[in-house]
Amino acid sequence: FAAIARIRQLAQVHRGASRIVQARAEKPLEIMFVRPFFERGSIRQRAPCPGWRLLWKPPVPGGRRFRPGAAGPARALLAAGHSVAAMSRSAGSDKVIRHMGVEPVRCDMESVSAEDIGSADVVIHCAAFVDVWGPRDAWYRGNVLGTRAVLRAAEKAGVSRFIHIGTEAGIVHGQHIHGADETYPLAPDSPYPYCATKAQAEQLVLAANHSPAFTTLVLRPRFIWGP
């Protein structure tokens, strides 16, 4: 019962990005989700060595972890009158995305450009390499270089708000953690590659918040509490 309650709670708090967008919106917006969360996996890359297949798996509901539905945030934004686009990697995903009223955009973390972002007002960046094993540079390529590419594309496209989905893992380097809040220091030098690269990605996002015309922020869904 505790596990079921926790899953339901996560299904609610992971909608934080769409709530922030709606709370700040005074007119219908164009929203771009950087992650094809309508298909299993997310982004495939060429394997760095034989036998490897790199996948960025969904860190929000709808992937293999949480069943309540990754499409929840998109549906909420559509219901509020916003237009929504989402990264897509296959014809099957295109079909599912269009069926929901969302525009599929064929791109990936390596090739994403300002043209892919288009006229979006807001980018919600949910992509990450989260596997527990793999070549060490896989986390850096997916979480750091990928985030940097999306940031640059978004700013070049004239996006006004960039929402990055982070994780509490970004503060972990093997220590006991008690009473941590958003002021707790990141661990970019963590011995754990996922933790280190997610911390480095957050640093990139926050450092890009240098202009009133381009606001960036980080959400760590499992550390968001409230109704």
Side-chain angles (χ1 to χ4, degrees), residues 11-39 42-43 56 58-63 68-89 93-109 111-128 146-166 182 201-202 204-221 224 226-227:
Q12 295 174 357
V13 301
H14 275 275
R15 296 190 178 95
S18 60
R19 289 176 178 171
I20 284 179
V21 170
Q22 294 182 62
R24 295 294 297 269
E26 297 178 354
K27 62 180 179 63
L29 300 175
E30 293 185 36
I31 317 297
M32 172 70 176
F33 277 91
V34 179
R35 182 175 68 83
F37 50 73
F38 300 95
E39 60 182 315
S42 282
I43 304 173
W56 279 267
V60 294
R75 289 196 179 102
L77 291 167
L78 287 169
H82 306 298
S83 59
V84 182
M87 182 182 287
S88 176
R89 291 283 296 171
S93 291
D94 289 351
K95 183 177 179 180
V96 173
I97 291 170
R98 287 196 182 98
H99 181 72
M100 292 178 53
V102 175
E103 177 188 356
V105 178
R106 288 293 188 96
C107 60
D108 57 36
M109 295 280 282
S111 63
V112 63
S113 67
E115 288 71 28
D116 296 318
I117 303 297
S119 58
D121 301 289
V122 179
V123 166
I124 302 177
H125 175 40
C126 311
T147 297
R148 179 181 295 161
V150 177
L151 269 171
R152 289 176 176 173
E155 187 168 18
K156 185 177 181 180
V159 167
S160 60
R161 195 168 183 81
F162 186 98
I163 300 173
H164 175 74
I165 304 301
E182 65 273 15
E202 285 198 22
L204 288 174
V205 172
L206 297 177
N209 192 40
H210 51 70
S211 166
F214 186 57
T215 300
T216 65
L217 61 92
V218 176
L219 298 179
R220 298 175 188 162
I224 297 175

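Below, each value reflects all heavy atoms present in this structure, side chains not excepted, and no hydrogens, waters or symmetry copies.
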Any chance the side chains of H164 and T216 put a donor and an acceptor closer than 3.5 Å? no
Of all heavy-atom pairs linking L151 and A208, the shortest is CD2-CB, 4.0 Å
Please report the interatomic distance CZ(R152) to CG(L204), rounded to the nearest 0.5 Å. 8.5 Å
CE on M87 to CD1 on I97, rounded to 0.5 Å: 10.5 Å
So which of R106, H99, R89 actually passes side-chain hydrogen bond (donor to acceptor under 3.5 Å, both in side chains) with D94? R106
Where G101 and L78 come nearest, the two heavy atoms and their spacing: O-CD2, 3.8 Å
Step-by-step side chain to side chain contact (heavy atoms under 4.5 Å, CB included) determination, V34 to F162: CA-CA 11 Å; V34 179; F162 186 98; 6.0 Å; no
Any side-chain heavy-atom pair of H210 and E155 under 4.5 Å: yes
How far apart are the closest heavy atoms of V123 and A154, and which atoms are they? CG2-CB, 4.1 Å
Would you give the length of the straight line joining atom OG of S83 to atom CG of L77, rounded to the nearest 0.5 angstrom? 9.5 Å
Starting at CD1 of I163, measure out to CG of L217 and round the result to the nearest 0.5 Å. 5.0 Å
Please answer whether the main-chain N or O of L206 pairs with a side-chain N or O of N209 as donor and acceptor at a distance below 3.5 Å. no
Distance col, row M109:CE vs H125:NE2, nearest 0.5 angstrom, shows 4.0 Å
CD1-CZ distance between I31 and R161, expressed to the nearest 0.5 angstrom: 10.0 Å
What are the two closest non-hydrogen atoms of T147 and A201, and how far apart are they? OG1-CB, 3.8 Å
What one should report as the nearest heavy-atom pair of C126 and F33 is SG-CD2, 4.2 Å
V112 to A153 - nearest heavy-atom pair and separation: O-CB, 4.1 Å
Are the side chain of S93 and the backbone of S88 linked by a donor-acceptor contact shorter than 3.5 Å? no
